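In what follows, every chain begins at residue 1, and chains take the letters A, B, ... in the order their sequences are listed. Everything quoted here is computed from the prediction, not taken from an experiment.
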Amino acid sequence: MKLSLSKVAQGYRLGTLNNLGRKGDRTMEFPGCLLYTRTGSAPHLTHDTLQVISRVPVMTQLTLSSLAEHYEVLEEYKEGIGKFIGMPESMFYCSLHDPVNPCPAGYVTNKSVSVWGVGGRLEMTAAKFMSVQQALQPDWFQCLSDGEALCGEVFSAKRARKSVDRSLAFLDECLKLQEQSEVLRSCVMIGVIEGGDILEERLRSARETAKRPVGGFLLDGFHGDAMTKETRLQLISAVTAELPEDKPRLICGIGQPDEVLECIEAGVDLFESFFPYQVTERGCALSFSFDYQPNPEDTLLQQNGEKEEGEIGDCIDKVTTTKRVPETSFEINLKEKKYRDDFGPVVEGCSCYCCKNHSRAYVHHLLVTNELLAGVLLMIHNFQHYFGFFCAIREALRKDRLGQLKELICSS
Amino acid sequence: MAAPRESQSTRSPEPMAAVAASAAGPGTRAPAALALRVVAECGRSKARACELRLPHGTVATPVFMPVGTQGTMKGVTAAQLDSLGCRICLGNTYHLGMRPGPELIQKAGGLHGFMNWNQNLLTDSGGFQMVSLLALSEVTEEGVRFRSPYDGTEILLSPEKSVEIQNALGSDIMMQLDDVVSSTLTGSRVEEAMHRSIRWLDRCISANRRPDQQNLFAIIQGGLDPVLRSKCLEEMTKRDVPGFAIGGLSGGESKEQFWKMVTLSTDQLPREKPRYLMGVGYATDLVVCVALGCDMFDCVFPTRTARFGSALVPTGNLQLKKKQFAKDFQPIDEACTCPTCQRHTRAFLHALLHSNNTAALHHVTTHNIAYQLRLMDAIRTSIMEHRFPDFVRDFMKTMYGDLGRCPSWAVEALESVGIPLN
């Protein structure tokens, strides 16, 4: 793997990762995101429906939590997770946990970390962890790490220190095991930066992890509400300042467009794409504009469309549904009654399969009648919209227009 | 609010003038929205292979029509359904009539426009759902009276109302409202329902505001009584409808009674009009009923069973969630060309079916639809190549192991049309 930077400014980086993949001939642009999957498949989507989406990331995120329980099957299969899930052309990054399903705390010991699959808790010692990776054969994988720096709702300095110590110990143990396996030597280990909200611990984690022969870094524990936004960004910047320039920086649990931009400015390169999935699950469609150089006519059209969305009456008009995660300002809720007879596309100007072929009224109908197709169509739209956003980010960085894009996103 | 957009399909439906020209002989009156051409007939049984020309294109028969109840084929997109080779599928008048309602669908350009499906659509009358889904429905001469399960208001589904809704949906084939009674019922209620269905057929025919674009099919009733059923056939075939459905079967009746009513019906239905056997979808039933002279079939079974992880194969079905498939690295069916079988193993589907990723269901649904369509295609080809009886024997051997293990009703039915299974 070779990282080439085409631009570094104001904290952010624009560049490409080259010589990726088994044959060393693949390329990945950053800032970018990875394709989110659940049990090895994009949510709701088969190969055919995934294919209709533009700009699907070249690297797919797998989660150990969803795949570890299939370890024996994969061992017997022998040909690796890519072929097993029917995505032989993709590259894979295997994360420890699923960013959408938080796992219960208190199951990390000096010897093991637990992941939570469908069948329940699976205890991963370093040895077990590495054998599972050997069966998966991903291109990259997050090293076994202790991501718990919280004591209940609050960060604890003691716990944060422990998370760093343990993660380094796991890293060293896993690196040793990697050395012993030819298969694993062809996979890239991603070192994990821990340390809660304690600056010292974060710096220690970054410096120590950077000393090891890892291929990249995962900034863990910055998601959720335990930290203020200021603290989070300060810490991320401090961490990335300690990391070598020539290795990619991933972050987990961050998906909202405004937060993505902030993290990019703080030196992060790669993100997950679970956020469009969460939007899909609440029957919503991403609608935020990332077109910071719009046609003046289009702006007017969009503004007229948006006017109705801001009305207070909307809350009362929604078809009753249990809301799980609160909606953001980046999306519209297609269950709202006002979409019942709206025959326009989900998002005007969007060229995804859903917007080219179906109306808001139809998607509304599918949601109201609890039809499976709702998830399929919304996932297609939401992924395409999100991947388009990352493309716009790179474009904005190329043209020095990050400020304008930020303004547009943060005014959503 | 934007108006409905033009359909995105590059396929344009057959111009109605062409269909009319081929359908209308000299001296006939209004242009027809349907034309049936018998392409080949099995020399022995009553099986035939036809071309059914409808407003949204030609359908090759025998045909299996998947059921897309609420204007969607569950998790399969219209584009996927099209590429599987489906040329006609079903929508349910009862469900769509409730939500989102005929007015909205009309605004959307009919059901075709609403779901962006440019092939053919068949809608049922709503009668069956009401009687089967609703605890309290009351049948009178007027129609079926019931309470909406969504807002409790009292609704009357009359023949006129049913046709009105179906006109708004714009389906290529619509079904008369029939007085549906359980196939296990006997006595005067069956006779009453049969006569009423004839009267309701006439009311439906009169109520159809778009006979040149929408084909109203009659539904033969009469339960399991050959006298009643023959009477119904005699009367209904006097009416000038473009096609006939064989109804009132596929309930709780025995297979022995079932096949006898099917064959009695096809014996008395005109050759030049399509015969639609409602609610039949198991592979064996399809093969036998094609032999008995049926052209069109629908059933929720293949798509419904898919969502439980059950994949259809020539030897029956595979319950993919079962442990035995955890390490099975074959596709569902080696010979199947569907997208699921091209790319995925039983082992992967097994794992995915145990997750909450709905993609698992879509994989199996796609395969099951492909299986059904491929089966009908194989049946059709064998008829055209004059080897349908051999096809039937091979099919039964594959499905049941040896011909001695075939269900006796199927053996008798096939024997009755000149296909002995030994």
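- For the pair B:Leu104/A:Phe343, a side-chain contact is recorded, criterion being any heavy-atom separation below 4.5 Å from C-beta on.
- B:Thr340 is not listed as a side-chain neighbour of A:His47, based on a closest heavy-atom distance of 4.5 Å or more.
- Residues A:His44 and B:His362 share a closest heavy-atom pair of O-CD2, 3.1 Å.
- Counting heavy-atom pairs closer than 4.5 Å to chain A, the top residue among B:Ser83, B:Gly113, B:Ser355 is B:Ser355.
- Heavy-atom distances place the side chain of A:Glu371, and not its backbone, under 4.5 Å from chain B.
- Between A:Tyr362 and B:Thr72, some side-chain heavy-atom pair lies under the 4.5 Å cut-off.
- Contacts of B:Gln70 with chain A are made by both backbone and side-chain atoms, with heavy-atom separations under 4.5 Å.
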Apply side chain to side chain contact (heavy atoms under 4.5 Å, CB included) to the pair A:Glu72 and B:Lys327, showing each step before the final yes or no.
CA-CA 9 Å; A:Glu72 273 177 37; B:Lys327 294 180 183 171; 3.6 Å; yes
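- Only the side chain of A:Val376 comes within contact range of chain B, with at least one heavy atom under 4.5 Å from a heavy atom of that chain.
- Contacts of B:Met73 with chain A are absent, with no heavy-atom separation under 4.5 Å from either backbone or side chain.
- For the atom pair CG (A:Asp48) and NE2 (B:His363), the distance works out to 9.0 Å, reported to the nearest 0.5 Å.
- With a threshold of 4.5 angstrom between heavy atoms, B:Ala360 does not approach chain A through any atom at all.
- In this structure, no portion of A:Leu74 lies under 4.5 Å from any heavy atom of chain B.
- Highest contact tally toward chain B, considering only A:Ala42, A:Ser66, A:Gly40, is held by A:Ala42 [criterion: heavy-atom pairs under 4.5 Å].
- Within 6.0 Å of atom CZ in B:Phe128, 12 or fewer heavy atoms from other residues, nucleotides or ligands are found, so the atom counts as exposed in its surroundings.
- When heavy atoms are compared at a cutoff of 4.5 Å, A:Ala374 does not approach chain B at all.
- The distance from the OG1 atom of B:Thr358 to the CG atom of A:Leu45 is 8.0 Å, given to the nearest 0.5 Å.
- For the pair A:His365 and B:Leu96, the minimum side-chain heavy-atom distance is below 4.5 Å.
- For the pair A:Thr46/B:Arg343, no side-chain contact is recorded, criterion being any heavy-atom separation below 4.5 Å from C-beta on.
- For B:Leu361, the part lying near chain A is the side chain, with the backbone staying farther off; criterion is any non-hydrogen pair under 4.5 Å.
- Contact of the A:Thr49 side chain with the B:Thr77 side chain is registered, since non-hydrogen atoms from C-beta on lie closer than 4.5 Å.
- With respect to chain B, the highest number of heavy-atom pairs below 4.5 Å among A:Thr369, A:Leu67, A:Ile380, A:Leu377 belongs to A:Thr369.
- Around the CZ atom of B:Arg304, the shell of radius 6.0 Å holds no more than 12 heavy atoms that belong to other residues, nucleotides or ligands.
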Could you walk me through whether A:Leu372 and B:Arg307 pass the side chain to side chain contact (heavy atoms under 4.5 Å, CB included) test, one step at a time?
CA-CA 10 Å; A:Leu372 289 167; B:Arg307 297 194 297 283; 3.6 Å; yes
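- Between the CG atom in B:Leu352 and the CD1 atom in A:Ile85 there is a gap of 9.5 Å [rounded to 0.5 Å].
- No donor-acceptor pair closer than 3.5 Å links the side chain of A:Arg38 to the backbone N or O of B:Asn357.
- The side-chain heavy atoms of B:Lys74 and A:Leu373, taken from C-beta on, include no pair separated by under 4.5 Å.
- If you measure heavy-atom distances from B:Phe329 to chain A, the contacts under 4.5 Å come from the side chain alone.
- B:Ala351 and A:Thr39 make their closest contact through O-CG2, 4.1 Å (heavy atoms, listed as atom of the first residue, atom of the second, distance).
- Contact count versus chain A (heavy atoms, under 4.5 Å) is highest, among B:Met98, B:His344, B:Arg99, for B:Arg99.
- Without hydrogens or angle criteria, B:Asn116 side chain to A:His358 main chain gives no donor-acceptor distance under 3.5 Å.
- With a 4.5 Å cut-off on side-chain heavy atoms, A:Val73 and B:Phe348 do not count as touching.
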